[in-house]
Protein chains: 2
Amino acid sequence: MGQRERGLIGGMQQDHVIVAAGEDIVSQGERSRNLYSVCCGWAVRYQMLRDGSRQILDVVLPGDPVALASVMLGASMHSVQALTPACFCTLNGRKVVALFQVNAKLALAVLRSRLEEECRTDIRLTMLGRMGAEERVGYFLIETFERLRQRGMTNGTTCRFPLRRVDIADAVGLSRVHLMRALRELRSQALVELNGGDMIVPRAARLAAYTGYTKVATSIGSDVRM
Amino acid sequence: MGQRERGLIGGMQQDHVIVAAGEDIVSQGERSRNLYSVCCGWAVRYQMLRDGSRQILDVVLPGDPVALASVMLGASMHSVQALTPACFCTLNGRKVVALFQVNAKLALAVLRSRLEEECRTDIRLTMLGRMGAEERVGYFLIETFERLRQRGMTNGTTCRFPLRRVDIADAVGLSRVHLMRALRELRSQALVELNGGDMIVPRAARLAAYTGYTKVATSIGSDVRM
DNA sequence: CGTAATCTTGACCAACGTCAATGTTCGTGG
DNA sequence: CCACGAACATTGACGTTGGTCAAGATTACG
């Protein structure tokens, strides 16, 4: 994507919204015409079930778009909640879609980034359907760690990690108690350690091997992440 | 999408490939430049794990594109296997991408259909992470049934359903034996019945209510499904 | 028929969830 | 600075769900 397209998107930014930790910026079922982009802070996409349980679909990091489906499809099937105080920049959804209709390169770049997400989602499906507790947790952690590393948000073997235990449990489909058991096991094998709000991965390659994680090519940096 | 775009895609069709039941048309890791579209027959997208277990990611029905990610990202992270003898039409991936770069409306239509898929995938994630065996199986069946109904492939309360028990088990993340238990329960409540290669759903609304399924708007018919 | 594949079920075992109790951290008001 | 409470983390004991093994029934096909 060239300077020109980046400028087009940049020029459409309307506002910055600050959201407190724990608050939703998008709600399941909502018909919003606003498109957001995480500017700083962490968030999660999630769904609630009838019985009150929650599934975290994905961790949303700075640079990731939020509510694209809501804008293009008319309604959002998931909520998005800030985990830390977070700042979102707002774009006019209608205008962005209009821009897509004119600028094929831009639409294509977004399509490509969606397809990359799709790959990650497929693997998460496999993880939930077919892996045991330790593998699931380890996989989720190394995947997030690698995403952070690609964005320069790690410090060698350490990074910020503001998810609570419940959040991790809801992301990997385990109960909070069983998640603790899995974490204990992973720590005892020196694969990952969570402490305060930090994650420590002494040997990323070892954790990757343990969980079956393999790096997937991304277009971060060379591509749009509105 | 107008007649013109449909014609552009239509004109690029090169070939028809016939694949026997049980054969792969796309393999995990493959770097193919071919794009396919299911023309008749059933297929599944799936991934294999190190330990030999398999996760079925999705059922691919007539009209669905195959290997879009492979073409646009350079490699496929999943395999696609025919469940029945199936016919795929082949498109030149490079040409299709080139077409996207020129025709924004087309790129946008494909993006929109990817976003719809994404909604379905999110729900499947939730199902695997948070639902019990009966709900998972019921959900998978009613979702597939509704997709078939939208394409006019059902006959009131009945439709073709060529998946074997193992396939269903691999799709919903259960063992074959436990899948049988769930099916027995669903049948005993007259929610679904599988027989031969057919599925019978006496009261779709009842099964939907039981599993928490809600219809999600799709652009089938009005949109591209190459 | 006969062989292979698939379906189906029972008996038993492992993984994971629930409950409940105890630490630990952190923010707030005195 | 301390006392207090609220939210979160951690662990043990025990129950439930779902996996594994193994055997027999059924179907598909040569």
Side-chain angles (χ1 to χ4, degrees), chain A residues 20-23 42 44 49 51-56 81-85 127-141 160-188 192-200, chain B residues 20-23 44 49 51-56 81 83-85 127-141 160-188 192-200:
Chain A
E23 270 183 26
W42 291 50
V44 288
L49 278 79
D51 64 0
S53 56
R54 178 179 72 151
Q55 176 67 41
I56 289 188
Q81 182 182 57
L83 293 177
T84 63
M127 153 186 131
L128 288 181
R130 286 292 168 221
M131 291 179 170
E134 287 91 2
E135 278 175 301
R136 294 219 284 254
V137 176
Y139 190 96
F140 176 69
L141 295 179
R160 211 79 247 300
F161 194 72
L163 302 228
R164 292 164 308 162
R165 301 295 186 261
V166 205
D167 299 323
I168 307 176
D170 286 349
V172 299
L174 292 173
S175 68
R176 192 149 35 99
V177 175
H178 202 72
L179 170 78
M180 291 302 308
R181 296 196 266 255
L183 280 178
R184 190 159 62 217
E185 177 60 21
L186 291 172
R187 190 179 29 200
S188 84
V192 226
E193 166 138 21
L194 298 184
N195 216 321
D198 296 317
M199 162 158 49
I200 306 168
Chain B
E23 271 185 26
V44 288
L49 279 79
D51 65 359
S53 55
R54 176 179 71 151
Q55 176 66 43
I56 289 188
Q81 183 182 58
L83 293 177
T84 64
M127 152 185 132
L128 288 181
R130 288 290 170 219
M131 290 180 171
E134 286 91 3
E135 277 174 301
R136 294 220 283 257
V137 176
Y139 190 95
F140 175 70
L141 295 179
R160 213 78 246 301
F161 193 73
L163 303 225
R164 292 162 309 161
R165 302 295 187 261
V166 205
D167 299 322
I168 307 176
D170 286 349
V172 300
L174 292 172
S175 68
R176 193 151 35 99
V177 175
H178 203 72
L179 171 79
M180 291 301 308
R181 296 196 265 255
L183 280 177
R184 190 160 60 218
E185 177 61 21
L186 291 172
R187 189 178 23 186
S188 85
V192 227
E193 165 136 23
L194 298 183
N195 217 319
D198 296 317
M199 162 157 51
I200 306 166

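Per chain, numbering begins at 1; letters A, B, ... match sequence-line order.
Along DNA chain C, the nucleotide nearest to A:V177 and the one nearest to A:R136 differ in position, and the one closer to the 5' end is contacted by A:R136. In this structure, A:G196 and A:E134 both approach DNA chain C, and ranking their closest nucleotides by distance from the 5' end singles out A:E134.
Distances shorter than 4.0 Å separate some side-chain N or O of B:R164 from OP1 or OP2 on C:dT6.
The side chain of A:V166 lies closest to D:dA9, out of C:dG17, D:dA9, D:dG19. The nucleotide whose nearest atom lies closest to any side-chain atom of A:R184 is, among D:dA9, D:dG12, C:dG10, D:dG12.
When heavy atoms are screened at a 4.0 angstrom cut-off, A:G132 is found touching the sugar-phosphate backbone but no base atom. Among the protein residues, B:R181 comes within range of the nucleic acid bases, having at least one heavy atom under 4.0 Å from a base atom. Using a 4.0 Å heavy-atom distance criterion, B:G22 is classed as making no nucleic acid contact. Among the heavy atoms of the strands, none lies under 4.0 Å from B:G197.
As a whole-Å value, the separation of B:R176 CZ from C:dT8 C1' is 10 Å. Rounded to a whole Å, the CG atom of A:D198 is 15 Å from the C1' atom of C:dT25.
The two residues B:Q55 and B:D170 come nearest to each other via the heavy atoms NE2-O, 3.2 Å.
Note that CZ of A:R164 is 4.0 Å distant from CG of A:D167, once rounded to the nearest 0.5 Å.
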